[in-house]
Protein chains: 8
Amino acid sequence: MATKKKNAEIQPVVGIIMGSDSDLPVMEPAATELKNFDIPFELTVVSAHRTPARMVEYASKAADRGIKVIIAGAGGAAHLPGMVASLTTLPVIGVPVKSSNSLDGWDSLLSILQMPNGIPVATVAVNASKNAGILAASILALSDDKLAAKMKTFKTGMEKEVLKKASVLKDKNWPNYFDQ
Amino acid sequence: MATKKKNAEIQPVVGIIMGSDSDLPVMEPAATELKNFDIPFELTVVSAHRTPARMVEYASKAADRGIKVIIAGAGGAAHLPGMVASLTTLPVIGVPVKSSNSLDGWDSLLSILQMPNGIPVATVAVNASKNAGILAASILALSDDKLAAKMKTFKTGMEKEVLKKASVLKDKNWPNYFDQ
Amino acid sequence: MATKKKNAEIQPVVGIIMGSDSDLPVMEPAATELKNFDIPFELTVVSAHRTPARMVEYASKAADRGIKVIIAGAGGAAHLPGMVASLTTLPVIGVPVKSSNSLDGWDSLLSILQMPNGIPVATVAVNASKNAGILAASILALSDDKLAAKMKTFKTGMEKEVLKKASVLKDKNWPNYFDQ
Amino acid sequence: MATKKKNAEIQPVVGIIMGSDSDLPVMEPAATELKNFDIPFELTVVSAHRTPARMVEYASKAADRGIKVIIAGAGGAAHLPGMVASLTTLPVIGVPVKSSNSLDGWDSLLSILQMPNGIPVATVAVNASKNAGILAASILALSDDKLAAKMKTFKTGMEKEVLKKASVLKDKNWPNYFDQ
Amino acid sequence: MATKKKNAEIQPVVGIIMGSDSDLPVMEPAATELKNFDIPFELTVVSAHRTPARMVEYASKAADRGIKVIIAGAGGAAHLPGMVASLTTLPVIGVPVKSSNSLDGWDSLLSILQMPNGIPVATVAVNASKNAGILAASILALSDDKLAAKMKTFKTGMEKEVLKKASVLKDKNWPNYFDQ
Amino acid sequence: MATKKKNAEIQPVVGIIMGSDSDLPVMEPAATELKNFDIPFELTVVSAHRTPARMVEYASKAADRGIKVIIAGAGGAAHLPGMVASLTTLPVIGVPVKSSNSLDGWDSLLSILQMPNGIPVATVAVNASKNAGILAASILALSDDKLAAKMKTFKTGMEKEVLKKASVLKDKNWPNYFDQ
Amino acid sequence: MATKKKNAEIQPVVGIIMGSDSDLPVMEPAATELKNFDIPFELTVVSAHRTPARMVEYASKAADRGIKVIIAGAGGAAHLPGMVASLTTLPVIGVPVKSSNSLDGWDSLLSILQMPNGIPVATVAVNASKNAGILAASILALSDDKLAAKMKTFKTGMEKEVLKKASVLKDKNWPNYFDQ
Amino acid sequence: MATKKKNAEIQPVVGIIMGSDSDLPVMEPAATELKNFDIPFELTVVSAHRTPARMVEYASKAADRGIKVIIAGAGGAAHLPGMVASLTTLPVIGVPVKSSNSLDGWDSLLSILQMPNGIPVATVAVNASKNAGILAASILALSDDKLAAKMKTFKTGMEKEVLKKASVLKDKNWPNYFDQ
């Protein structure tokens, strides 16, 4: 949950968890994106390896607590997203974190993506927690018309931003583009 | 849609598409899984590179036609899942196909997973179309209690199957295990 | 187009496009090289994922507008070069961009290079937009004798530059070489 | 040259060369594709490592002999495409061959693609000699309207083929698709 | 435990577990090696993803049941060894399995090896379950003089075998070596 | 041995060796961890390539000197752990060092992990010497009840630390988390 | 030594060693090549890991026995070439063997090539024992004029063989080339 | 040649060449090492791609000029060592350079190492030009007893240096080791 006040009032529907608080800078854009879409969420640290009991409890009870989508980020031998997916029927979105201990993110990526038959993790690009937030929004938008409308506006917004940049580029000599 | 009869009667909610009919054997388990969950689906060939117009049409109109989740499989420089995601606000699940032309699936995997900010693709493991079907089911189950119940049964079923195998293993000498 | 003035006067024959303006520093050497060869060009931002409609329009109409070669740069799951190639019969040169979000350029490289049968992309080295410009020049020189002559001068120039360095190296103690 | 008869009559404009005759099966589709587009070509073995003098001669004189595009295939430490590119101003298309001695094609790919500034090789996918042929055609079509028209027909043909497959898939239960 | 009879009589000190019974052929050499060293063991299927509760129970209670070393094999996003290590203070030996679904074993290897600070897994080579058995023996031999003696004999045996092969090679023409 | 005083008094049971003193910063956490567990150790430089005789002597006599576990770190073509393992029956823990000369640690990792049948090296993650220390402790704890108790406390300590961080995160807005 | 007779008569100047007799088929071309150049050699099995004492003896005494070049092949964590190089001042040629246990040869390659400063191994391509033989010959030819002449003939022979194939290809339709 | 004076007096026996003067800092240790061994050498820039004629001349005439070993360094699609090897019967040592344009050195490494049958390049580790110098010395020492003696001294020197460091480490607390 973003703030304590909101925590008391609004039921979070997305749970953002990460294996270590060192993953927080990488995982923040997921939270920012959910805020932009006005989707209530909670954010906490759950370590598959250092707090396995907490992980089992978090994953097993998430659905009953009203959570609909779990976003899990982890680095190295990243077991959190897959283990959470094994303990819930909710869709789990995995964010491979390129931590200083990881092999440039290759270990994080493969440990999250290559799940066995039966237990999928919806994996996004390395460090792409922003996309995890957007993916969660697109899932929730399936049964939320207001959110679906926001998704369309979001998409149009991205398009407009690029078109504007293309227009600026046309009006200027490109070597001076970044001076604007 | 699995059969023509069903096609006329039931609105498909999942669209399974693939870049080439040579991907069909890899993508079939997605269809089988959706059948097992009684989720109506359609299955067709849409090539990002050979039928770009068809792809634009398919992706742009999928939501209006009642599709809720798109499963897209492709190999090599696999652009289908990402391009479809750029043309819809629906969640798109990407299946990297390890085709004979691909570099052991590494190109398929990276071309689908490493999407830029703003346009996520929910990527599953290489060739894991079965997991794509299960992930679609878990997404749809968020607003479908019957399906949610089936998901739980499915999960319990997997557990029982392993426990049974463990039990057989206990009763027999393992070197003879596969003779049973 | 390099400058607004030129834009009105000269028909560009090469279109340099990139997925994001953050790719501009990597793509500039392509423009510089074309300028050196006096080849009129245009340069703009076209995102396969954020402006798919613009991309379809750009690629479909490029030939009719007089463009002969398209240079497309993109990073990560780099779909721009391949998608443009699917929408035109013009030769498309792809530049894999090693962006901060990419996996050291491996994803960009494979997403551009590993195109399926029927839709080639002429791929150059990671970040090698300078070579994309030279390749475009060599293609255009096939039907432009003046340009063909410039290509030969360019090649001789490179040779001379190396020979000069070899000569300097011979005249000096190498440990002092970079002091010159 | 495709046939001895043609050899005497028609000036080849594309030169297909390969490092070893063991690369012939991989390189044949380039020839087939050029035949389909009625582009006169020659096909021979030129080894950068075993016949360096022949390579220098072939590459240096190709333009004067009327060759416009060179397609060069090689495997392992594949130096042929890059060395030929260093000896001509013609566009050179490189085909990384996945030979039994190569490291799954990774060495071939990197040895051809990662050329230094100044000497580009237009690289296509591993073993994708068919695409090399199509790329050569698209380059030659820039100054050949008849060929340009054939390129469009070729593209439409690919589209129709996929649409037909999609149509068959719609009419049949997909599990029986490959029985047709 | 190798056989039911032994199961009742002898306390197993090594637990060999694997994520799926399809890993059994790869994991058998671990069992064979332990048998050769007369080390009592048990062998069963424990899936981190399909039977998480069983895994928690197995790992948490192993030490109390008298197990001293756990050998865990798994493929793909191989979480079993690391999760078991998070739930016990016993040394855990991980065997990366190169299964048909894995990316040539690279995913298995990285998912097992790259554990975060605090929870090591003693990883052996891909598919090297034989070495897992030997490593377990070397650990147990630290407090078992009889076993330590067997380890020395084992090592001398390997040496003798190579020396014998070298001797045969000396006596024969090597081209006929494998005819012997 | 951590200090000269201790050296005289206490028999070291773990030998930490490394190929070069440039590996010392990477290997220190192993020593720190052993100190935390009150396990006597020695620490020195043994190079497989520059001091092969010293390596043979060190490895062959380690067991007789009372060493029970050897931790060996090395980078690049890292032969030290494997060669030491070939010369002793003690368990050898290998730490792949990501040195400036290594290929991002991939060469170190594979040179240590991929040992042939008969001579295992218990490999930990790249640069994970801390985990090497913990693994050594878990092995020694099998015959040392006091140490076994410390291992449990260590594990509980890690859990508590994460729970505390999760609690702090709950009490604060996460964007301010690192300001605390 | 190729045959027992020769063994008694001729002093071998090249020592071909390999880690296991399973590497023999991969290493034979080195022997064949040396025979072709009439260079006396010996061929035997020396395992760095299973016969470390034999390896130390072999490497330390090779120079004194008259050996001038050592060719060492090994797979996986291939320590033989590097360890031999650490024990002799003779040039050591390393052949990375792509064994069934290796990770497609990547581990063999990196374990042999990435030697630290001070102890080079002259590495050839994966499985390229034939090139190891030729490299040994080129080294020995520096002080053997007869051999130097043979090297030139060998090189000319390779050139002729390619030129002949090119000639045959010119005379025939290439689709029938392999029928000849 | 290290100095102009020496140039006039002493016949160089090793040729150090590199593809670009930007490779000079990486290649200098080869020269330093040869100086240490009093081996006369020359050092210059020869680009396979930008000065192919110079390369052909350099390689073809090196032997006649008295050069005995060629050390060639290059980065990216590094063709210089292999092409030089194809034009001489002298042993060629290849140094893969990890340039800013290379893919972390992987392209340089594979382009140099993976030479086809018949044309070996004695490859050393990425950036390991120092080892290239030592390897050249070991080759020349085969017919130069003085140099052979220096090689032995060099090897003993390395050993002593490590033993000294080990001794210092023993006398000090290791945490203070680098303060010495």
Side-chain angles (χ1 to χ4, degrees), chain B residues 18-23 45-60 72-89 92 94 96-123, chain C residues 18-23 45-60 72-89 92 94 96-123:
Chain B
M18 61 206 78
S20 159
D21 64 342
S22 65
D23 299 332
V45 175
V46 177
S47 168
H49 298 123
R50 286 172 294 157
T51 62
R54 176 171 160 81
M55 180 195 69
V56 171
E57 167 138 344
Y58 186 91
S60 317
H79 299 175
L80 184 66
M83 286 311 301
V84 165
S86 81
L87 291 154
T88 182
T89 53
V92 175
V97 174
K98 190 177 184 162
S99 61
S100 60
N101 289 327
S102 74
L103 283 160
D104 288 317
W106 289 102
D107 42 8
S108 321
L109 188 167
L110 295 174
S111 300
I112 293 177
L113 183 72
Q114 287 294 100
M115 290 294 290
N117 271 341
I119 306 101
V121 166
T123 311
Chain C
M18 60 207 78
S20 159
D21 64 342
S22 64
D23 298 332
V45 176
V46 176
S47 168
H49 298 122
R50 286 172 294 157
T51 62
R54 175 170 160 80
M55 179 196 68
V56 171
E57 168 138 343
Y58 186 91
S60 318
H79 298 177
L80 184 66
M83 286 312 301
V84 165
S86 82
L87 290 154
T88 183
T89 53
V92 176
V97 175
K98 192 174 180 167
S99 61
S100 61
N101 288 326
S102 76
L103 283 160
D104 289 316
W106 290 103
D107 41 8
S108 321
L109 188 168
L110 295 174
S111 300
I112 291 176
L113 182 72
Q114 288 294 101
M115 290 293 290
N117 272 340
I119 306 99
V121 168
T123 310

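Every value quoted in this text rests on a predicted model; they were computed, and no experiment measured them. Reckoned from all heavy atoms, side chains included, excluding hydrogens, waters and symmetry mates. Letters go in sequence order (proteins before strands), and every chain restarts at 1.
Ranked by non-hydrogen atom pairs under 4.5 Å with chain C, the options Ser47(B), Ala78(B), Ala48(B), Gly118(B) are led by Ala48(B). Your options are Ile112(B), Leu87(B), Asp107(B), Thr51(B), and the one with the most heavy-atom pairs under 4.5 Å with chain C is Asp107(B).
Within the model, atoms OG of Ser111(C) and NE2 of His79(B) stand 5.5 Å from one another, a figure rounded to the nearest 0.5 Å.
Across all their heavy atoms, Arg50(B) and Asn117(C) have their closest contact at CD-O, 4.4 Å. Heavy atoms only, all atoms of each residue included: Asn101(B) and Gln114(C) are closest at O-NE2, 3.6 Å.
In this structure a side-chain-to-backbone donor-acceptor pair under 3.5 Å is missing from His49(B) to Ala85(C).
In this structure, chain B has a heavy atom under 4.5 Å from the side chain of Val56(C), while its backbone stays farther away. At a 4.5 Å heavy-atom cutoff, the contact between Leu103(C) and chain B is made by backbone and side-chain atoms alike.
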